[in-house]
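Here the structure is a predicted model, which is why all the values come from computation and not from measurement.
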Amino acid sequence: MFDFLGVLTKEVNAKIEKDAGEIMTDERFLEREIEKFLSSPKRRDMLTGERYYEGEQDILKRKRQVIGEGGELKEVLNLPNNRLVDNQFCRLVDQKAGYFLGRPFTITCDNKELLKELNRLFGGSFLMTLRLILEDCYLGGIGWLYIFYDEEGSLSFRRFKPYEILPFWKDEEHRELELAVRIYRIFGYDGERESFKDKVEVYGSDGVRFYEMQGQRLIPEGEHPFLPYAFDGEEGFGFSNIPLVAFRANSKEIPLIKRVKGLQDALNTARSDFMNNMQEDCRNTILVIKNYDGEDLGQFRRNLSQFGAVKVRSIDGCDGGVEALKLELNSENYVVICDMLKKAIIENGGGYDSRDERFSTNPNQLNIKAMFSEIDIDADNTEREFRFSLSQVLKFVSDYFENSGREGFSEGDVDFIFNRDILTNETEVINNCKTSLDILPLESVIAQHPWVKNIDDEMEKLKKSSLKPQT
């Protein structure tokens, strides 16, 4: 066995043994696993989430069909076929991501110098990357953060897309990586002809191995297909583990699309059907013809569409005529169905309804909390997962500080506080702060004030100011 697979658990090693006792090579094992992953339902759900978020939903492939000869369905092209996308799924993902990471998280640490360094590392660029990873968690069930040294030896962060990563775990809870494979495609030009290559990167305990996928075979790339995690190849300047950290919105790694896809499809269908029914006028709906002066019904349809007139006659005292056979539309039912589906998407997806009547008629803090209860429960689960993942990131940051000769820290020294972007009735909160001054320390009251962003800064301003807090 090669080094990068030699550390696999007994369970994983057992998978690469054939019934006859023959052992697969490491590359062949990875080839088989990659092949299964690329066609797996789990990866298909990830791609579906991405596709639905971008508006490429199943309704766009819809066909109008009727029962033809022998009871078989047959596509018809002479009927309205609206394909409307009401992308509530995209709105739900943006809402949940904005609620959880709409504001920067706060880092707490007793060591001021360390806190300053952590705020620099986890600044604006990291927050943007983390926001994309959070969206990946909703779209694909899991997000990936890759930690590496840049060309100058500084610690850097990069997001990997969830449908590119095939992980091998040491435990059933998926908390510790044993091996990870990244499969992705790059596009280029062969002369003037566009071409692509499938790349494979294998992340082991000691570094990354690079391959090119040709057909279903892994071919080592270049003369030096191995790169250690250490900066500039220096020993002792690397990481103690695979620098790839998984983030999750829930412990089961369930994509949000699996909770709401049927409801989103039903909403698209309802909107499209309503428009179809609205457009089915006398020129393209079902017609009842009396004493039609002709036999070719196709020619009748063409004449009706072109001239808007029908030639009929009276026979044996019976008057000719044309009547449309149609169902009366009840727009109120349509509105009720759409509202019901939208609310179901919000409830099943763990969002909140910004048009809730309680917020418009009586926006007190209790009603606001009730309106946010579903998304708050979902965010609690996400926060637990993200706090654990960030603690994993801190281990690599600790390696970085140790390698660069700076003071290290223990895991318990640092904590992350997520400042959720919840609506508040500021007047009510401020009045509660005022009435709490008699029973709580001033610093505790200031921390709860809706206008305060940095407690230390506000305390310093208060000391310098001639204004005194009212009691």
Side-chain angles (χ1 to χ4, degrees), residues 93-94 96-138 142-162 229-232 237-249 379 382-422 446-447 449-461:
V93 171
D94 289 343
K96 291 166 71 68
Y99 177 77
F100 188 69
L101 280 180
R103 298 178 179 179
F105 57 72
T106 301
I107 305 174
T108 62
C109 179
D110 294 334
N111 187 328
K112 298 300 181 181
E113 291 298 322
L114 176 59
L115 180 60
K116 182 179 179 180
E117 190 68 22
L118 291 176
N119 282 325
R120 183 189 65 81
L121 279 174
F122 298 133
S125 178
F126 179 84
L127 290 173
M128 292 178 63
T129 302
L130 194 64
R131 170 64 182 258
L132 293 174
I133 290 174
L134 177 61
E135 292 178 1
D136 287 339
C137 292
Y138 292 133
I142 194 170
W144 293 97
L145 179 70
Y146 178 55
I147 307 167
F148 64 100
Y149 291 106
D150 63 16
E151 295 179 353
E152 299 178 355
S154 299
L155 198 67
S156 299
F157 305 97
R158 183 182 176 188
R159 161 215 179 206
F160 284 163
K161 298 177 181 178
Y229 297 126
F231 169 65
D232 203 19
F237 205 66
F239 298 115
S240 57
N241 208 337
I242 301 176
L244 196 60
V245 178
F247 286 76
R248 303 169 182 82
T382 304
E383 181 172 340
R384 281 192 295 270
E385 294 293 332
F386 267 56
R387 285 167 67 91
F388 173 81
S389 297
L390 287 172
S391 70
Q392 300 295 104
V393 175
L394 285 176
K395 294 179 181 179
F396 298 103
V397 175
S398 179
D399 290 341
Y400 167 65
F401 284 157
E402 183 178 348
N403 293 334
S404 56
R406 279 175 281 186
E407 183 180 355
F409 59 91
S410 63
E411 188 176 343
D413 292 333
V414 181
D415 195 12
F416 296 89
I417 300 173
F418 290 90
N419 304 304
R420 302 178 190 176
D421 193 16
I422 187 172
I446 290 178
H449 199 287
W451 298 348
V452 172
K453 295 182 179 179
N454 189 298
I455 301 173
D456 294 335
D457 288 347
E458 296 300 328
M459 291 296 293
E460 286 296 324
K461 292 176 184 178

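Contact between S154 and Y400 at its shortest, heavy atoms only, is CA-OH, 4.0 Å. Across I242 and F396, no two heavy atoms sit closer than the pair O-CZ, 3.1 Å. The nearest pair of heavy atoms linking C137 to F247 is SG-O, 3.3 Å. In terms of heavy atoms, L127 sits closest to F122 at CG-O, 4.1 Å. Closest approach of D136 and P162 over heavy atoms only: CG-CD, 3.6 Å. Summarising the geometry of V245 relative to S389, their closest heavy-atom pair is CG1-O, 3.5 Å, with the distance given to 0.1 Å.
With sequence neighbours excluded, the residues forming a side-chain contact (heavy atoms from CB on, under 4.5 Å) with E383 are F100, R387, F418, R420, listed by chain and number. D94 is linked by a side chain to side chain donor-acceptor pair (under 3.5 Å) to Y53, counting only residues two or more places apart in sequence or in another chain. The side chain to side chain donor-acceptor pair (under 3.5 Å) search around R158 returns none, not counting sequence neighbours. In this structure, the side-chain contact (heavy atoms from CB on, under 4.5 Å) partners of S156, at least two apart in sequence or on a different chain, are F148, D150. Among residues two or more places apart in sequence or in another chain, the salt bridge (Lys or Arg N to Asp or Glu O under 4.0 Å) test is passed with E117 by R120, R406. Residues forming a salt bridge (Lys or Arg N to Asp or Glu O under 4.0 Å) with R131 (at least two apart in sequence, or on another chain): E135.
With rounding to the nearest 0.5 Å, the separation of CZ in F105 from CG in L130 is 6.0 Å. Between L134 atom CG and E385 atom CD the span is 12.5 Å, to the nearest 0.5 Å. The distance from the OG1 atom of T106 to the CG atom of N419 is 4.0 Å, given to the nearest 0.5 Å. Rounding to the nearest 0.5 Å gives a distance of 8.0 Å between CG of L145 and CG of L244.
Taking 4.5 Å as the limit, some side-chain heavy atom of T382 sits within range of a side-chain heavy atom of Y138. With a 4.5 Å cut-off on side-chain heavy atoms, F157 and I133 do not count as touching. N241 places none of its side-chain heavy atoms less than 4.5 Å from the side chain of K395. At least one side-chain heavy atom of L121 sits less than 4.5 Å from a side-chain heavy atom of F401.
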